[in-house]
Amino acid sequence: MKRKIFSFITMMLLALTCAYAGGGKKDFAIIYIGNSITYGALHKDRNVTAPPVYTSQMLAKKLKANIIWRNCGWSGATTYDFLPSHKRYFPRVEKAVREIQAETDAPIVFSIMLGTNDSANTGPTGCPVSNENYKKNLITIMEALKEIAPGAKFIFQRPIWYSPNTYNGAQYLQKGLNRLIGYTPVLEELADERADAMMGDDDAFEYFHKNYEKYCFAEGGNAGTFYLHPNEKGAKKLAKFWFEGIIDALD
C-alpha cells in the first residue's frame with residue numbers, strides 16, 4: 001500500500017549518504033513494539049528466534065546497514081499498557097530510544113504490532129478495546145514517542161490470526177477474533193491520515209490462518225487446544241512478512 005513517504009525517504013537517504021561519506025557503514029534504527037508474539041513467548045531462546053531478531057537480520061542484509069534495534073514486545077500487552085501515563089511499558093520503549101540515540105543519529109523507525117490482547121473479551125488491561133479507543137491509544141503513544149524521538153516514523157504490522165477458541169488466562173474466542181479483524185481498518189485509516197505513519201504487513205494474518213498447525217504452538221486452554229503464538233519456524237515466517245512490509249513502506 002503506497003503512502004506519502006517522500007520526505008522520510010529523503011531523510012533516510014541523506015542519513016545513509018552521510019554515513020557513506022564518513023567512510024562507515026550506514027545505520028538503520030528500529031524499535032519493535034508489541035505483545036507476546038513480538039516478545040517471542042514460548043520459544044526456547046527468544047533472543048535467537050523472536051520475530052524482531054530475524055527481521056533485523058533480513059534488514060541488515062537488504063540494506064547493507066548496521067541495524068540498531070530493540071525488542072520492546074511484552075507478553076499480555078495492550079495499547080493501554082504502552083500509554084505513557086500508565087508508566088507500565090512505555091518506560092521500556094523510552095529506555096530503548098535513549099540507548100539507540102546514544103549510538104546513532106539515524107531516525108528511528110517503530111514497527112508496531114498491537115491489538116491481540118486489546119481484542120480479548122476479558123483479562124488484559126483495558127480490554128475489550130473499542131476501535132475508537134484503539135485508535136486514540138495508538139495516537140497517544142505515537143505523539144509521546146515523537147517528543148523523545150523527533151523525526152520518528154511508524155509502521156503498523158497487522159495483528160495475526162488466532163484460533164476462535166483461544167482462551168487461556170484471557171478470554172478471546174470468536175468475538176475477540178472479530179474485534180481483532182475490525183482493528184485493521186483503523187490501522188489503515190491512521191496510515192492514511194498521518195504523514196509519519198505507514199502500513200506494513202497485512203498478509204501474515206491470512207497466512208497463519210491457513211498454516212496455524214505448522215507454524216503455531218498448540219496450547220491447552222479452557223476451550224480446547226488453541227493456536228495463538230508462532231513457534232520458532234512461525235516466528236521466522238512472521239519476520240519475513242514484517243521485513244517485506246517495512247521495505248515496501250520505505251520504498
Side-chain angles (χ1 to χ4, degrees), residues 27-78 81-82 89 92-93 95-97 99-100 103 108-120 124 155-163 166 168-170 172 180 200-221 225-250:
D27 291 340
F28 185 90
I30 183 167
I31 293 176
Y32 303 89
I33 295 176
N35 46 50
S36 56
I37 294 171
T38 301
Y39 178 80
L42 304 183
H43 290 205
K44 291 181 180 179
D45 188 351
R46 73 177 192 89
N47 293 315
V48 175
T49 59
V53 178
Y54 291 125
T55 300
S56 299
Q57 291 171 353
M58 294 176 195
L59 287 171
K61 183 177 180 180
K62 175 69 175 181
L63 300 176
K64 295 180 174 58
N66 176 39
I67 306 298
I68 304 170
W69 64 278
R70 296 292 187 278
N71 182 355
C72 289
W74 201 254
S75 294
T78 65
D81 288 315
F82 278 98
Y89 303 144
R92 297 176 184 272
V93 184
K95 179 175 181 289
V97 169
E99 290 175 351
I100 287 178
E103 293 184 50
I108 298 176
V109 173
F110 292 92
S111 174
I112 301 175
M113 194 184 83
L114 288 171
T116 301
N117 296 305
D118 295 68
S119 73
I155 297 178
F156 301 126
Q157 314 286 10
R158 182 186 182 186
I160 63 173
W161 177 91
Y162 56 74
S163 61
T166 298
N168 45 23
Y172 300 84
L180 182 73
D201 166 66
D202 61 2
D203 294 325
F205 179 96
E206 190 58 34
Y207 184 83
F208 279 90
H209 185 189
K210 293 179 179 179
N211 300 280
Y212 64 90
E213 290 183 313
K214 182 176 181 180
Y215 292 119
C216 290
F217 290 105
E219 304 178 56
T225 301
F226 68 91
Y227 298 85
L228 168 66
H229 298 99
N231 56 30
E232 286 84 352
K233 290 183 179 179
K236 195 168 187 177
K237 291 289 184 180
L238 180 59
K240 190 172 188 296
F241 283 110
W242 286 3
F243 160 74
E244 292 172 347
I246 292 168
I247 293 300
D248 287 346
L250 300 181

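Note that this is a predicted model, so its numbers are computed, not measured.
Partners of N211 according to the side chain to side chain donor-acceptor pair (under 3.5 Å) rule, which considers only residues two or more places apart in sequence or in another chain, do not exist here. Residues forming a side chain to side chain donor-acceptor pair (under 3.5 Å) with W74 (at least two apart in sequence, or on another chain): Y89. Partners of R46 by side chain to side chain contact (heavy atoms under 4.5 Å, CB included), not counting sequence neighbours, listed by chain and number: Y39, H43, A50, N71. Judged as a salt bridge (charged side-chain N to carboxylate O under 4.0 Å, His left out), and not counting sequence neighbours, E219 has no contacts. Residues meeting the side chain to side chain contact (heavy atoms under 4.5 Å, CB included) test with D45, sequence neighbours left out: N47, V48. Every salt bridge (charged side-chain N to carboxylate O under 4.0 Å, His left out) that R70 has, sequence neighbours left out, goes to E99, E103. With sequence neighbours excluded, no residue forms a ring pair (Phe, Tyr, Trp, His ring centres under 6.0 Å) with F156. Contacts of F208 classified as ring pair (Phe, Tyr, Trp, His ring centres under 6.0 Å), with partners at least two apart in sequence or in another chain: none. Residues that satisfy the side chain to side chain contact (heavy atoms under 4.5 Å, CB included) test with A218, not counting sequence neighbours, are T225, Y227. Legend: residues meeting side chain to side chain contact (heavy atoms under 4.5 Å, CB included) with N168, ordered by chain and number and at least two apart, are A170, Y172, F226, L228. Among residues two or more places apart in sequence or in another chain, the side chain to side chain donor-acceptor pair (under 3.5 Å) test is passed with S56 by Y32.
Nearest approach of A77 to N117, heavy atoms of both residues: O-ND2, 2.9 Å. Across all their heavy atoms, Y162 and S119 have their closest contact at OH-OG, 2.8 Å. The nearest pair of heavy atoms linking I30 to S111 is CD1-CB, 4.1 Å. Between C216 and N231, the shortest heavy-atom contact is N-ND2, 3.6 Å. Residue G200 comes nearest to I155 through the heavy atom pair CA-CG2, 3.6 Å, listed as atom of the first residue, atom of the second, then distance.
Annotation: side chain of K44 is in contact with side chain of E232 (closest heavy-atom distance under 4.5 Å). Counting only heavy atoms from C-beta outward, the side chains of V53 and W69 approach each other to under 4.5 Å. Counting heavy atoms from C-beta outward, N35 and P124 have side chains that stay 4.5 Å or more apart.
For the atom pair CG of D201 and CE of M113, the computed distance is 9.0 Å after rounding to the nearest 0.5 Å. In this structure, CD1 on I68 lies 4.0 Å from CG on D27, to the nearest 0.5 angstrom. With values rounded to the nearest 0.5 angstrom, I100 atom CD1 is found 11.0 Å from K95 atom NZ. The CD1 atom of I160 lies 9.5 Å from the CG atom of L180; values are rounded to the nearest 0.5 Å. Interatomic distance, CD1 of I37 versus CG of L42, reported as 10.5 Å (0.5 Å rounding). To the nearest 0.5 Å, the span separating OG1 on T166 from NE2 on H229 amounts to 9.0 Å.
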Q | Residues V93, F110; criterion side chain to side chain contact (heavy atoms under 4.5 Å, CB included); working and verdict | A | CA-CA 10 Å; V93 184; F110 292 92; 3.9 Å; yes

Q. What do the steps show when you test I112 against F82 for side chain to side chain contact (heavy atoms under 4.5 Å, CB included), and what is the final call?
A. CA-CA 11 Å; I112 301 175; F82 278 98; over 6 Å; no

Could you pull out all donor-acceptor pairs under 3.5 Å where a side-chain atom in residues 237-246 meets a protein atom, sequence neighbours excluded?
residue	atom	partner	partner atom	Å
K240	NZ	E244	OE2	2.4

